[in-house]
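Both counts, for ligands and for their atoms, begin at 1 and track the order of listing. Everything numeric here is computed off the predicted structure, so don't read it as measured data.
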Amino acid sequence: MTKVLYPGSFDPMTKGHMNIVEQASKLFDEVIIAVMHNPAKKNAFFSTEERIELIKELYKKANNIKVVAASGATVDVAILHDCQAIIRGLRSLTDFDYEVQMQQINKEISGGKVNTVCLFADKDYQFVSSSMVKEVFSLGKDISPYVDPIVQDRMVLKKRS
Ligand code: ADP
């Protein structure tokens with residue numbers, strides 16, 4: 001059984017992320033989305049718990065997509081969940097440079113057990129990012145092209161509260 005880990009901040013999950021999850025879920029038997037707790041990231045919109053709840057709602061009908069909370073080294077999280085590979089999405093050369101280094105480190109520290117698989121979002125979602133969504137939302141503009149309606153509704157509710 002092929003099991004992969006898709007780690008990230010997902011604050012919030014965008015259609016770019018969802019496109020990567022969809023591709024990975026067709027390529028592998030199981031995809032585990034790991035919502036990484038990163039206290040260094042300051043401008044969080046949703047708490048880790050809220051992000052997890054939201055992603056669970058998005059994938060409640062999918063039986064090969066799971067969501068977990070995680071912290072620390074991604075490679076340890078992958079090993080903990082018996083994942084053979086880490087999925088990363090590539091948007092730009094900047095992403096590529098970073099991922100080249102990370103995959104090498106992760107392969108080394110896992111003793112060759114954890115590989116990295118990079119995927120590309122379809123063209124409509126290629127440049128969508130969580131930070132862009134938060135920025136457009138804060139300006140009061142329409143974010144429906146970039147996020148699922150469930151995410152959009154939750155953002156509106158959160159802003160009101
Ligand atoms: P991180 O803080 O680890 O970058 P993100 O939640 O921003 O977490 O992204 C998680 C992963 O999804 C990363 O590999 C990122 O490059 C990828 N990703 C995000 N948006 C897109 C997109 N529009 N197309 C392809 N990959 C994406």
Side-chain angles (χ1 to χ4, degrees), residues 3-28 30-59 62 65-78 80-81 83-107 109-110 114-138 141-152 154-155 158:
K3 220 168 153 186
V4 291
L5 189 84
Y6 182 38
S9 311
F10 307 112
D11 184 36
M13 176 151 281
T14 68
K15 287 186 179 175
H17 293 129
M18 292 182 77
N19 189 261
I20 297 290
V21 171
E22 192 188 323
Q23 292 183 47
S25 71
K26 287 178 185 153
L27 290 167
F28 304 100
E30 191 169 318
V31 179
I32 300 191
I33 300 169
V35 180
M36 303 298 290
H37 180 64
N38 186 353
K41 286 212 170 171
K42 291 274 183 286
N43 66 337
F45 187 89
F46 288 118
S47 69
T48 309
E49 294 71 29
E50 287 170 332
R51 290 175 219 173
I52 290 169
E53 200 203 318
L54 193 44
I55 300 170
K56 279 190 177 155
E57 177 71 22
L58 290 171
Y59 293 110
I65 300 166
K66 305 255 155 64
V67 191
V68 297
S71 59
T74 310
V75 76
D76 290 338
V77 183
L80 179 74
H81 292 282
C83 294
Q84 296 96 329
I86 293 168
I87 296 288
R88 298 294 288 170
L90 289 189
R91 287 164 292 193
S92 60
L93 274 180
T94 322
D95 276 353
F96 177 79
D97 270 352
Y98 176 75
E99 298 304 338
V100 168
Q101 293 172 41
M102 283 313 294
Q103 63 82 25
Q104 193 58 45
I105 293 167
N106 285 334
K107 203 178 266 180
I109 58 181
S110 69
V114 180
N115 234 305
T116 299
V117 175
C118 291
L119 295 172
F120 301 87
D122 292 338
K123 72 173 173 24
D124 288 350
Y125 310 117
Q126 203 138 44
F127 295 102
V128 180
S129 69
S130 298
S131 50
M132 181 265 257
V133 166
K134 283 185 276 192
E135 178 135 11
V136 173
F137 182 73
S138 74
K141 303 292 178 199
D142 181 27
I143 54 167
S144 62
Y146 318 119
V147 297
D148 187 275
I150 293 175
V151 175
Q152 186 176 15
R154 218 51 86 80
M155 287 183 78
K158 174 96 184 179

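Atom 11 (C) of ligand 1 has as its closest protein heavy atom Tyr6 OH, 3.5 Å. Regarding atom 24 (N) of ligand 1, its nearest protein heavy-atom neighbour is Ala121 CB, 3.3 Å. In this structure, the protein non-hydrogen atom closest to atom 21 (C) of ligand 1 is Arg91 CD, 3.5 Å. Distance from atom 8 (O) of ligand 1 to its nearest protein heavy atom, with residue and atom name: Ser9 N, 3.1 Å. Distance from atom 3 (O) of ligand 1 to its nearest protein heavy atom, with residue and atom name: Arg88 NH2, 3.4 Å. For atom 9 (O) of ligand 1, the nearest protein heavy atom (residue, atom name, distance) is His17 NE2, 3.3 Å. Regarding atom 2 (O) of ligand 1, its nearest protein heavy-atom neighbour is Lys41 NZ, 2.6 Å. Remark: minimum distance from atom 14 (O) of ligand 1 to any protein heavy atom is reached at Gly89 N, 3.0 Å.
Contact atoms of ligand 1 toward Phe10: 6 (O) (distance under 4.0 Å to a heavy atom of the residue). Of all atoms in ligand 1, listed by their number and element, those nearer than 4.0 Å to a heavy atom of Val128 are 20 (N), 21 (C), 22 (C), 23 (N). Near Asp95, meaning under 4.0 Å from one of its heavy atoms, ligand 1 places the atoms 16 (O).
Residue contacts with ligand 1 do not include Ser131, since none of its heavy atoms lies under 4.0 Å from the ligand.
Judged purely by atom type and a 3.5 angstrom limit, Glu99 has no side-chain atom pairing as donor or acceptor with the backbone of Phe96. Judged by distance alone, the side chain of Asp11 and the main-chain N or O of Phe45 form a donor-acceptor pair under 3.5 Å.
Counting only N and O atoms by type, the side chains of Asp97 and Gln101 include no donor and acceptor under 3.5 Å apart.
Sorted by first then second residue, the salt bridge (Lys or Arg N to Asp or Glu O under 4.0 Å) pairs that include residues 116-133, not counting sequence neighbours, number zero.
Taking a 6.0 Å sphere around CD of Gln126, one finds it holds more than 12 heavy atoms contributed by other residues, nucleotides or ligands.
Salt-bridge formation is detected for the pair Glu50/Lys158: a Lys NZ or Arg NE/NH1/NH2 atom is positioned less than 4.0 Å from an Asp or Glu carboxylate oxygen.
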